[in-house]
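We use all heavy atoms of the structure for the numbers below, so side chains are in, but hydrogens, waters and symmetry mates are not. In the text below, chain A, chain B and the rest are named by the order of the sequence lines, each starting its count at 1.
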Number of protein chains: 2
Amino acid sequence: MTSDASSGRRSTIHEVARAAGVSHQTVSRYLRGLGPFRPQTIEQVEAAIEELNYRPNTIARSMRTRRTGVLSVVLPSPVEQMPTPMLAAAGEVAHREGFLMEIAVVEGSPQERAARARELMDSGRVEGVLSLSGLPGLEESPRSATTAALAVLGQYDDRLRGIGPLADASLVAEIVRRLAAMGHRRFLHVQGPQEWASAAARRQIFEETIAADGLESHGVVGGAWSPETGHAAIMELAEDSGVTAVVAANDYVAFGVMRAAHERGWRIPEDLSVVGWDDLGVSRYAVPALSTVAADRAGQGRFAMERLIALVREQDPPTVMPEMNTLLLRESVGPAPRR
Amino acid sequence: MTSDASSGRRSTIHEVARAAGVSHQTVSRYLRGLGPFRPQTIEQVEAAIEELNYRPNTIARSMRTRRTGVLSVVLPSPVEQMPTPMLAAAGEVAHREGFLMEIAVVEGSPQERAARARELMDSGRVEGVLSLSGLPGLEESPRSATTAALAVLGQYDDRLRGIGPLADASLVAEIVRRLAAMGHRRFLHVQGPQEWASAAARRQIFEETIAADGLESHGVVGGAWSPETGHAAIMELAEDSGVTAVVAANDYVAFGVMRAAHERGWRIPEDLSVVGWDDLGVSRYAVPALSTVAADRAGQGRFAMERLIALVREQDPPTVMPEMNTLLLRESVGPAPRR
DNA sequence: ATCGGTCATGTGATCGGTCACACATGCTCG
DNA sequence: CGAGCATGTGTGACCGATCACATGACCGAT
């Protein structure tokens, strides 16, 4: 904007101090808003900053203070289905608390991801790391002098109980029972990738509920979050399979299921009922409108970020998040067809 | 893992050097893989690193080298429809070139976003900034000593010519002409938010083509990227509007359009043809399958990131990206109904 | 006249690395 | 046999901030 100092080098606090005729420490204090100043001093410092177009070097500051104000969310690599509402909410919380949230996309296997996350924690670049997927070998930790804090959402423990709300699949039981109440007896589950806590939990609850309630499972197929998965699952189904209800891993999968049913000439919900998970923005606009679970991703994002920030500050983490999933039954479910 | 040094402080290169019986410089060289070493030296240094559980402090390194290896993508705040395939591809390029890509979600008006981006560029924390939206007052720049490089994708210039491939809307003309060839005469455009270069460009080309080809526009409505927008646009349409073809701003909007048509009892494509933009993963699985433009987001992401990296390295930026949009006509378009 | 306290500012060390350069050793070659 | 060179390593300055502590001016109280 104004004269851009003399050379291409960026100016430092010392140069500002010299230009203002004060000590570097005075400038530093000014920048941090500390201590009272003589009006004249303020004026001179401000003029010098303006003239030299000075901006503090965050790196240098971080080196001394060991604070960076940056929290990092690490995401597994197939980033296509990034949980954006969650990230948006998490970012909002971070912003409110004075942090900058960055998203780091990390490639590779769970082991490689864990190594990269570890590296990030040790680099000094961030004060906290939030992982949305499990990181084998790393455990949640408060911030220490040696590393950044770590919060993990959606991780499973040894008994496959998700500790994060992400993995809470209890509503799958509700789905199955509601469908059973409408007369459905034979179910198909199209599962997601089993490395994901949430996918594994949904499958587990599905099978448990089928068994507990004396219903029939035609089986579990699939293994990805994509529409293709759902499409293939239905196309491979025998004409006389007897399946009248499909529990899909998520809405993407459910879209594929609905499309395949259409292609086979099966009406939804008259011939087949379908339920997804996630309540994508377009799901209620599908024809027929897709039944799903609204997972309050925003709430989960807030929760996760608040938890991380508490760990960073070595405060008490927030209490366990209440159940926040909501089952939305729309046009894609109906009474089971008569045999 | 092993003994965690003595205290809570993290160990430094000097401590490693002392433990290994070499100079700090030798350790530094070892870490950077420079120069040859005596086998014994390597052994001692590795043992010391292992024993002290040493990790280099990236901040301290960056301070001296002025390199951070971090490129930042700044996204506007309503992050719900984050262009994930683009980000994924961009991240891949960054990774391949030895950079870490972070995504910074920035809140506020375009002006505020520009200010935050500026701050990020001046902080020294990142070497380059890639903005997916326009930043008023900031222009693309190579990396200088004073700030990070900036690349802007989808920005418009004074004459509303998008400089980024994102804003290339030329296929809108093709869409309109293909529909006209099927007998459509009266069109509706449901536009996106006009602050977005891409939305503005699509609208402009729509209107230009209508005028140039002597067709009729029922008007332009809407102004957001959401299904609600498309839904409302159709619900408000008079029964005798004469509109037989809708050009929607993107697939989200198109989903809303299709749903509303269904609710009004209009068949697609027999009564109404609909075209979206973006080719969402679920679009080809919709019933009827949604016609759209596959924008090769991944290609755009790669292009943008390569451009940024070239700016950072002060090399020649890649040549202008070739046309990469593809029109996909699916079930949602058909011949115009007879009056 | 001296003392203690507040106000406003200055001095030098420090964070943990890299950079520039010096230096010691052993080998080859004229 | 010493110059020249490659090999391997060490010394101290430096990046740009903050931190800990010192200092000088001014004030009212003893």
Presence of [X] side-chain N/O under 4.0 Å of [N] phosphate oxygens OP1/OP2:
{"X": "B:Tyr30", "N": "D:dG8", "answer": "no"}
{"X": "A:Thr26", "N": "C:dG10", "answer": "yes"}
{"X": "A:Ser23", "N": "C:dG10", "answer": "yes"}
{"X": "B:Ser62", "N": "D:dC15", "answer": "no"}
{"X": "B:Ser28", "N": "C:dG17", "answer": "no"}
{"X": "B:Arg66", "N": "C:dT18", "answer": "no"}
{"X": "A:Arg38", "N": "C:dA8", "answer": "no"}

From [atom1] of [X] over to [atom2] of [N], roughly how many Å is that when rounded to an integer?
{"X": "B:Leu52", "N": "C:dG17", "atom1": "CG", "atom2": "C1'", "answer": "16 Å"}
{"X": "B:Arg32", "N": "C:dG16", "atom1": "CZ", "atom2": "P", "answer": "18 Å"}
{"X": "B:Phe37", "N": "D:dG10", "atom1": "CZ", "atom2": "C1'", "answer": "13 Å"}
{"X": "A:Met63", "N": "D:dC15", "atom1": "CE", "atom2": "C1'", "answer": "8 Å"}
{"X": "B:Ile49", "N": "C:dG17", "atom1": "CD1", "atom2": "P", "answer": "10 Å"}
{"X": "B:Arg10", "N": "C:dG17", "atom1": "CZ", "atom2": "C1'", "answer": "11 Å"}
{"X": "A:Gln44", "N": "C:dA8", "atom1": "CD", "atom2": "C1'", "answer": "13 Å"}
{"X": "A:Glu15", "N": "D:dG16", "atom1": "CD", "atom2": "P", "answer": "8 Å"}

- Task: Starting from the 5' end of DNA chain D, give me the residue, B:Val22 or B:Ala60, whose nearest nucleotide shows up first.
- Result: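 Nearest nucleotide further toward 5': that of B:Val22.
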- Task: Considering non-hydrogen atoms only, spot the tightest contact between A:Ser72 and A:Val126 and give its length.
- Result: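 Taking every non-hydrogen atom into account, CB-CG1, 3.9 Å.
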- Query: Any idea which heavy atoms bring B:Leu308 and B:Leu150 closest together, and the distance?
  - Reply: CD1-C, 4.3 Å
- Is it the case that B:Arg55 and B:Asn53 place a side-chain donor and acceptor less than 3.5 Å from each other?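 Note: B:Arg55 and B:Asn53 side chains meet the donor-acceptor criterion.
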- Task: Would you check if there is a donor-acceptor pair between the side chains of A:Ser28 and A:Arg32 at a distance under 3.5 Å?
- Result: yes
For the [atom1] atom of [X] and the [atom2] atom of [Y], what is their distance to the nearest 0.5 Å?
{"X": "B:Thr58", "Y": "B:Met63", "atom1": "OG1", "atom2": "CE", "answer": "14.5 Å"}
{"X": "A:Leu31", "Y": "A:Ile13", "atom1": "CG", "atom2": "CD1", "answer": "5.5 Å"}
{"X": "B:Ser131", "Y": "B:Leu75", "atom1": "OG", "atom2": "CG", "answer": "8.0 Å"}
{"X": "A:Asp296", "Y": "A:Met86", "atom1": "CG", "atom2": "CE", "answer": "10.5 Å"}

- How about A:Arg18: does its CZ atom have over 12 heavy atoms from other parts shown lying under 6.0 Å from it? no
Please determine, for the side chain of [X], which listed nucleotide ([options]) has the closest atom?
{"X": "A:Pro36", "options": "C:dA8, C:dT18, D:dG16", "answer": "C:dA8"}
{"X": "B:His24", "options": "D:dA13, C:dG10, C:dC15", "answer": "D:dA13"}
{"X": "B:Arg64", "options": "D:dT18, D:dC15, C:dT9", "answer": "D:dC15"}
{"X": "A:Asn57", "options": "D:dT18, C:dG17, D:dG16", "answer": "D:dG16"}

- Item | Any donor-acceptor pair under 3.5 Å from B:Glu97 side chain to B:Ala94 backbone | no
- For A:Thr58, which contact category applies under a 4.0 Å heavy-atom criterion: base, sugar-phosphate, or nothing? nothing
- Item | the helix from C:dA1-D:dT30 to C:dG30-D:dC1: angle between end helix axes, five pairs per end, rounded to 10 degrees | 60°
Exercise answer: donor-acceptor pairs, residues 37-47 of chain B side-chain atoms, under 3.5 Å, sequence neighbours excluded:
{"from": "B:Arg38", "atom 1": "NH2", "to": "B:Gln40", "atom 2": "OE1", "distance (Å)": "3.0"}
{"from": "B:Glu46", "atom 1": "OE2", "to": "B:Tyr30", "atom 2": "OH", "distance (Å)": "2.7"}

- Nucleotide by nucleotide, 5' to 3', does protein get under 4.0 Å of the base (B), only the sugar-phosphate (S), or neither (-) in nucleotides 20-27 of chain C, counting heavy atoms? B-------
- Message: Between the base of C:dT18 and the side chain of B:Arg61, is one N or O donor paired with an acceptor at under 3.5 angstrom?
- Response: no
